[in-house]
Each structure stands twice: as structure tokens, then as C-alpha cells.
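The structure appears right after this line, and notes come after that.
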Amino acid sequence: MPPIDAHRRLHGPYTVAAALLARLVPDALERSPDLVSAYDIEIRAAVPALRGRVPARRVTIDAGLPDEERILVPAPRRTLWLANGLTEFVAAVTPPGRVLVVHNADEADPTDTELLDVMTRRIPAAHLRIEVYTAGPRPPEDDRTAGELWELVDHCVREGFLHAVAELGGRGLAVTEEGGQAWWRFAQRTATALGGLGRHEQARAVWERVRRVSQDPNMHAAAAYGTAMLDARHPDPAQRDLGRARGWVNQAIAISTLVPDRAFKLGFDRNGLALIELREGRKEAALELVESAIDLAARELPDRHPVHRMVLLANRAQLLAALGHTKEALEDYSAAIAIDPAFPDHYLDRGNLWFSLGRHEEALADYQSAIAMSPPLPEAYYNRAEVRIALGEEEAALADLAYVLELDPAYLDAYINRAGLLAGMERDAEAFADVRAGLALAPGNPHLLTVLGQLETAAGRQEEAERALDAAIAAAPTLAAAWANRGALRYELGQLEAALADLTRAVELDPQPDLLANRAVVLRALGRR
């Protein structure tokens, strides 16, 4: 193949993907149109220039909405899903024995860096050898106008290319009049992208800049809400400041009561306050806020903002489920899905609720729908594996978990579940390998230490087993499996009173039939018939 210049200055995100797919897609359309169709989301996201030739098979509702009604920003992990789908397509349509040479990789957009990493990991070198170089000719300076920058930023926001939004949005801020509408659009997208990337202080600085240069109430309401969410949604609970977040979102609500389109903005802000209430442990108060936003939208936005209404319904479903109102929660998830049947997230959420109710067939159907509506989605395959374990379909579950780890080698829970499943099937060597791989990602993980203790017990290494189980209990004192396995080990060692204490604690935490049966064995051995 001719070499590809990866410099992001050429085309922005997926510069490598665009050049590669421009070579592969036309021929694939003639030879394997169904294969192209199977990866429509990935191809159209990576190469907008091919949208005229690759019809959209799976289309979410926001594709046809005006700008002000598109409120969803894809999660940063979406680029990993796209990279895996693109990798599978490239592997399927590339003849074996080809070589792909990429220059200027040090200047590539993170989407291309991730794609090259996934392709190198998943496509055997004998099929496609990938040579990546940092050197290469430098392209001319990027002289895009503000309008051209905006088109690219808007595309990147829709697709979740947050690194590019942060970089290009910053450039847009520099070439537009500060405080004007064009500047504001760049500011809002840039701050949102920075927050999504975890660059919270930079995002906070953009929102503060908005407050200092503008007297527009809409901008101030949005800046107050955006600042609140930096605190409320921080992934590290220790770094959340929910009191400060409440102050900012209250300000957003106060302003939103006075602006045009108040029904949408006020409902949006109340939904943000509901998150704060939830994280402060007040589920009922959160539910009341979400319900007030739903009522407001029903009264004043019956034919507008469908995505907003969908999000509110899904949030109410989550709260209803947490409060034990499962029937109503299922109804709300179904209503959210009815608004946009091509949006995969709510199938996952409803599937999880079905699974918690023991309704395995319904859960399986929802996970299948999520898989069908999305690029390769590790969470959906992981959840499907859990259903298959519950149904006794062990080999199918192992296949799903293997695919999860192929898509995302850092998916810790997949190592935990597969290690436990393999140990239960007495495939101890494979289980040991998963335990080691998982502990390399998360040293001291109590679930993996529990499986390790189980495996060491089976291998007759009692000291190592006790050490692993002691560590598991110390790390997670409410993990019933750790107490149960240590109880079984102590029974084998003849420490009957200690075994009884461990199994009693396991039963208190999780009164499952097998734990009661094991405790019965110990009680019988103690003569307590």
C-alpha cells in the first residue's frame, strides 16, 4: 500500500483511517456490500467523505435534529468501539500479506493512535504488517477559517472525538470575536470536551472566561451548569464538591427561569440538580426533580426536544429501579427506547434490570439489541456473558468474555468473571493466567484474590491459598465468596471452629444454598447434627 501521512493537520481525527478506507471501501462495495453495511457507523464516523457511498443502516434520532436539540455527547470510550469495528473491517477486506506504512505518527490525532494500536494488536502481522514511523514531511500550516473549523468541531462533537474538539475549539476561540455567538459555540463545545477528557481545571477556566466576557443570560446559565457538572460528575468521589456543585446549578436554575425556551433549559438544569441529590443519597428528592422536568417537557415541549425527553425518562427509570419500583422503571426504559430505537445505551440499562429480576431471556434480548445497534461494545458482550453463565451456557459465556478482552484488554471485570468461570470448570491453568493478567491491572483486587485462593487450594498450596484469601477479606470484608473459600480451606486443614465462623459470615452476607450446604457439613463434623 502507498504510505499514509498520519499528521492530524491534514484531515483532523482519523486521518489514517480516511486514507486507508478510501482505498478499501470502493472495492468492498463491489465485492462485499453487506460487509460495508455491517460497519456503516464506523466508516461514516471516520470518513465523512464516504457517507454518500455508504448508506446509514443504523441512525439515531439526533441525526435529524437542529443543533440546539442535540444534547448528547458520546462517551470518550466510543472511539475504542469505532477503532475495533474499523479494525475488523480492515482485516476482512485486506488481502493477506500487505504492508501498511504510516509516517508522522507522533503528530497523529488520538483517534488514529488508538486505531493503529488496535489494528496492530488484533490483526496478525502475517496478514497485515503495520510499520509506524514518527518521521515524515511536515504538511503546510492549517489555515482553516472559523466556519471551516466550526464544521469540523461540530462533526467531532457528534462523533465523540473529544481531543480534537478541545484542540480545534481552542483554535476557534482564538479566531472569533470574544463574547460573540460564534465564539460562544466554540467555548461551550471546548469546555464540554475538556470535562469529558478529565481535564477539569482547563474546562473550569473556559467556563470562567465565559462569565467574564459575557452578559448573555443563556451563556451564564450554561456556564453555571457546566461548572456544576465538573464537580458533580468527577470520576473520583473524593474530588467531588457537591455543595459547590449545588450552588452553581442553583444559579443555572435561577437564570433559566427567566430566559426564552425556559421549559427545556429549566428541565435540563433540574436534571443536573437531581444528579447531585442522588449522589448525596436523596433518591426521592432526585426523583421529584426529574419528574418535574418530565412534566414541564410534556406541557411545553410536546413536539420538540425528543432527546431531552428520552434522557429524562431513562434517568427516572434508573431512580425508580433504585427505589424498588421495577415495573415503572421498565415502562420508562421502554418509553425511552421507543423515542430512539437505534440508541444502544437504554437497551443495556433495561437488560441489566431484567437480569437483576432473573428474567434472563428478556435480558438476553436487550443485550442482543444493544450489540446490533452499536459498534463493537464490550459492555454488551460482557453483560451477555453474565446471562449465559446464569443459563449454564459456559462455552458461549467464555466466547463472549474472550471477545470482550480482545476488544478491550484492560476490561478488569472480564478477567474476574472468566477466571471464576474457568476455575469452576476446573480449567485451572487458564484460570491462573486470567488471575495473573487481572492482578497486573489491579493489584490487590479482592475478587481475583478470592479466585487465586480457590486455585491455590485446589493445587494443594495451602499457605499461598490462605495468604490470598486473608488479603481478599482484608480488602473487601463484605465479599461472601472470600469468606466461603477460606471456610472451605480451613475445613480441609481441620480447623473446624474457624471454618464454621467463616462460613457463618458468608451465609450472613449471601445466604445461598451451596453456602448453607457447606456449613451443614462443618456442623456435622463438629457433632452438631
Side-chain angles (χ1 to χ4, degrees), residues 1-25 41-51 73-87 89-90 100-121 130-176 185-187 189-199 202-203 206 375:
M1 297 182 181
I4 292 176
D5 189 340
H7 204 300
R8 65 187 183 280
R9 198 183 298 160
L10 293 169
H11 300 292
Y14 284 126
T15 292
V16 172
L20 184 57
L21 294 177
R23 300 169 187 168
L24 298 176
V25 168
I41 291 176
E42 296 91 324
I43 295 170
R44 289 167 59 87
V47 195
L50 287 173
R51 288 183 175 182
V73 178
R77 278 177 61 82
R78 183 171 187 265
T79 58
L80 177 62
W81 311 341
L82 294 173
N84 274 292
L86 292 170
T87 295
F89 176 77
V90 169
L100 172 63
V101 177
V102 177
H103 296 296
N104 280 330
D106 56 329
E107 296 290 347
D109 183 84
T111 52
D112 278 322
T113 302
E114 184 176 52
L115 175 62
L116 289 168
D117 175 65
V118 173
M119 288 173 61
T120 302
R121 175 169 54 80
I130 302 172
E131 298 180 2
V132 179
Y133 301 93
T134 56
R138 297 305 181 193
E141 288 298 320
D142 189 346
D143 57 357
R144 288 188 181 93
T145 65
E148 291 168 329
L149 282 171
W150 171 250
E151 286 184 13
L152 187 52
V153 166
D154 189 49
H155 165 69
C156 292
V157 169
R158 286 173 180 251
E159 300 296 349
F161 305 154
L162 300 186
H163 290 91
V165 175
E167 179 178 341
L168 297 168
R171 287 171 52 193
L173 289 172
V175 298
T176 50
R185 293 194 301 175
F186 281 117
R189 270 59 168 194
T190 303
T192 301
L194 289 167
L197 292 169
R199 292 155 62 178
Q202 291 173 272
V206 176

Passes side-chain contact (heavy atoms from CB on, under 4.5 Å), Asp109 versus Thr15? Steps please.
CA-CA 8 Å; Asp109 183 84; Thr15 292; 5.9 Å; no
Mind listing the closest non-hydrogen atom pair of [X] and [Y] along with its distance?
| X | Y | value |
| --- | --- | --- |
| Leu162 | Pro76 | CD1-CG, 3.7 Å |
| Ala18 | Val47 | CA-CG2, 3.6 Å |
| Arg144 | Gly12 | NH2-N, 4.4 Å |
| Leu20 | Ile4 | N-CD1, 3.8 Å |
| Ala166 | Ala193 | N-CB, 4.1 Å |
| His103 | Gly136 | CB-CA, 4.3 Å |

4.5 Å side-chain heavy-atom contact, [X] and [Y]:
| X | Y | result |
| --- | --- | --- |
| Leu149 | Phe186 | yes |
| Thr79 | Tyr14 | yes |
| Phe161 | Leu82 | yes |

Spacing of [X] atom [atom1] and [Y] atom [atom2] [to the nearest 0.5 Å]:
| X | Y | atom1 | atom2 | result |
| --- | --- | --- | --- | --- |
| Glu148 | Glu151 | CD | CD | 7.0 Å |
| Asn84 | Phe89 | CG | CZ | 15.5 Å |
| Leu173 | Thr190 | CG | OG1 | 4.5 Å |
| Asn104 | Asp5 | CG | CG | 4.5 Å |
| His11 | Asp112 | NE2 | CG | 10.5 Å |

Using the rule given for side-chain contact (heavy atoms from CB on, under 4.5 Å), can you reason through Arg138 versus Glu107, listing the C-alpha separation, both sets of side-chain angles and the distance that settles it, and then say yes or no?
CA-CA 9 Å; Arg138 297 305 181 193; Glu107 296 290 347; 3.2 Å; yes
Would you check, one step at a time, whether the test side-chain contact (heavy atoms from CB on, under 4.5 Å) holds for Trp150 with Thr176?
CA-CA 11 Å; Trp150 171 250; Thr176 50; over 6 Å; no
In a check of side chain to side chain donor-acceptor pair (under 3.5 Å) between Asp142 and each of Arg9, Arg8, Arg171, which one passes?
Arg171
Determine whether Val165 and Thr192 satisfy the following criterion, side-chain contact (heavy atoms from CB on, under 4.5 Å), listing intermediate values before the conclusion.
CA-CA 9 Å; Val165 175; Thr192 301; over 6 Å; no
When Val153, Val206, Leu194, Leu168 are each screened for side chain to side chain contact (heavy atoms under 4.5 Å, CB included) with Arg189, the one that passes is Val153
